[in-house]
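As a basis for the values below, the full set of heavy atoms in this structure was taken, side chains included, without hydrogen atoms, waters or symmetry mates. Reminder, nothing fancy here: chain letters follow the sequence lines and each chain counts from 1.
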Number of protein chains: 2
Amino acid sequence: MPMGRPRAFDEDEAVRAAVGLFGGRAYDGVSVDDLVNHLGVHRNSLYKTFGSKRGLYLVALRRHLADDVGPLVDALAAAPDVATALRLMADADLGLLLLAAVDRAPADDEVATEVTSALAALDQAVAAALGVPADLASAITAAALGLRLRGDPEEAGAALARRLDPTT
Amino acid sequence: MPMGRPRAFDEDEAVRAAVGLFGGRAYDGVSVDDLVNHLGVHRNSLYKTFGSKRGLYLVALRRHLADDVGPLVDALAAAPDVATALRLMADADLGLLLLAAVDRAPADDEVATEVTSALAALDQAVAAALGVPADLASAITAAALGLRLRGDPEEAGAALARRLDPTT
DNA sequence: ATCAGTCAAGAACGATCGTTCCTCAACGGC
DNA sequence: GCCGTTGAGGAACGATCGTTCTTGACTGAT
């Protein structure tokens, strides 16, 4: 079977660039023209490779979860206290996950599934590392998301950690 | 000067309906057709009254802040402990504020200004009511936003409040 | 009854959206 | 060489976007 013309773009690079774009503004705020211009992928190849704008979004979201959230879960497993856990989550690049949760999950069940399981993984990591009940762990994850959403003035997270875990 | 034909719609009702729509999905997910169909205002009147879709959005956001966030600030002033404050914020209707913060504030400076000052008002109310430092107060506000963003399983907020304020 | 002024009703605008189509260039196998 | 296949390059599609225009209905004052 013939082989055809080789690709002129790096699929991994393209998906990373998509993570950056989708993590920076709302789904409907990123046009296919924006993607074509910033990804180095031509329209036709984009649809041939990812099927649709939503298909590319889902691939980008999963890459974000694998590349950014996964390592965070691993790092959390070694967190000795609440302050460390909060700082790890607040410093991590969670832009696309946060935006997906607020912007797309209500309108896209598949996105909602990915977001829910990613947050559950963070909850479990926090609960296991700190030895706290599940409900408190998910509240700590929620607090970290809230801090990130506000721009995280750094002192706020530290103050919360101090209050949550007086031993540090 | 002649008086002209009277309006067939209630401007307050229309703005409230807009708050509901914009609070339910992202700005770009609400079309002008959606607004016309759900607000009981005709296209022409909408533009005559609010200038543009963005103009209506800003009016709706300010109404949301005045009608929903303002009373919350007042209620927070009487909150005796962290648990009460968290529950007040988690139970309040903060849909549009949350969506505005994540979805529109990064792209619209005027929205960003409104969001920032609303969150600052919440911070101040929490700090004054609970007698905590400003950084911890803003962290508590952030935690409430995070809980709301996650769907707030009720136990999570309670667990966090218990840990934050052991006297309750 | 007439007139100026405001709103309702809906068609229509250009722009942009996501998507598809068509043509040509670049490859491996015969 | 040629053929089958795949990607690049753009033009072009219908649909929908936010916005405006046109027409006529309804108002209070003259």
Chemist: Under the criterion salt bridge (charged side-chain N to carboxylate O under 4.0 Å, His left out), I'd like the reasoning laid out for B:Arg150 against A:Asp123: C-alpha separation, chi angles, the key distance, then a yes or no.
Modeler: CA-CA 12 Å; B:Arg150 294 202 57 178; A:Asp123 290 345; 2.7 Å; yes

Chemist: Please report the distance, rounded to the nearest Å, between OH in B:Tyr47 and C1' in C:dA9.
Modeler: 16 Å

Chemist: To the nearest Å, give me how far apart CG (A:Leu39) and C1' (D:dG7) are.
Modeler: 16 Å

Chemist: Which listed nucleotide (D:dA12, D:dT19, C:dA9) is nearest to the side chain of B:His42?
Modeler: C:dA9

Chemist: From CZ of B:Arg43 over to C1' of C:dA12, roughly how many Å is that when rounded to an integer?
Modeler: 11 Å

Chemist: Between A:Asp103 and B:Arg25, is there a salt bridge with N-O shorter than 4.0 Å?
Modeler: no

Chemist: Can you check the B:Asp33 CG to C:dA12 P distance for me, whole Å?
Modeler: 16 Å

Chemist: Among C:dA11, D:dC17, C:dG18, find the nucleotide with the atom closest to the side chain of A:Lys53.
Modeler: C:dG18

Chemist: Look up atom CG in A:Asn37 and atom OG in A:Ser31, then write down how far apart they are to the nearest 0.5 Å.
Modeler: 7.5 Å

Chemist: Specify the separation, in whole Å, of atom CG of B:Leu46 and atom P of D:dG18.
Modeler: 11 Å

Chemist: How long is the straight-line distance from CG of A:Leu98 back to CG of B:Leu149, given to the nearest 0.5 Å?
Modeler: 6.0 Å

Chemist: Can you find an N or O donor on one side and an acceptor on the other, under 3.5 Å apart, linking the side chain of A:Arg7 with the base of D:dT6?
Modeler: no

Chemist: To the nearest Å, how far apart are A:Glu11 CD and D:dT6 C1'?
Modeler: 14 Å

Chemist: Salt-bridged, B:Glu11 to B:Arg63, with N to O below 4.0 Å?
Modeler: no

Chemist: Nearest whole angstrom, please: distance from the C1' of C:dG18 to the CZ of A:Phe50.
Modeler: 16 Å

Chemist: Looking at B:Asp67 and B:Arg16, is there a salt bridge between them, counting it only when a charged N and a carboxylate O are closer than 4.0 Å?
Modeler: yes

Chemist: Short question: side chain of B:Ser117, backbone of B:Glu114 - any donor-acceptor pair under 3.5 Å?
Modeler: yes

Chemist: Is the phosphate of D:dG7 approached by A:Lys48 (side-chain N or O, under 4.0 Å from OP1 or OP2)?
Modeler: no

Chemist: Reading nucleotides 21-27 of chain C 5' to 3', which nucleotides get B (base under 4.0 Å from a protein heavy atom), which S (sugar-phosphate only), which -?
Modeler: BB--BBB

Chemist: Look at atom CG of A:Asp74 and say whether more than 12 heavy atoms of other residues, nucleotides or ligands are closer to it than 6.0 Å.
Modeler: yes

Chemist: If you take any heavy atom closer than 4.0 Å to DNA chain D, which residues from residues 18-30 of chain A end up in contact?
Modeler: none

Chemist: If you check the A:Ser52 side chain, which of C:dC17, D:dG18, C:dT19 turns out closest?
Modeler: C:dT19

Chemist: In whole angstroms, how far is the C1' atom of C:dC17 from the CZ atom of A:Arg54?
Modeler: 18 Å

Chemist: Quick test of your reading of the model: are A:Arg87 and A:Glu154 salt-bridged, counting only N-O distances below 4.0 Å?
Modeler: no

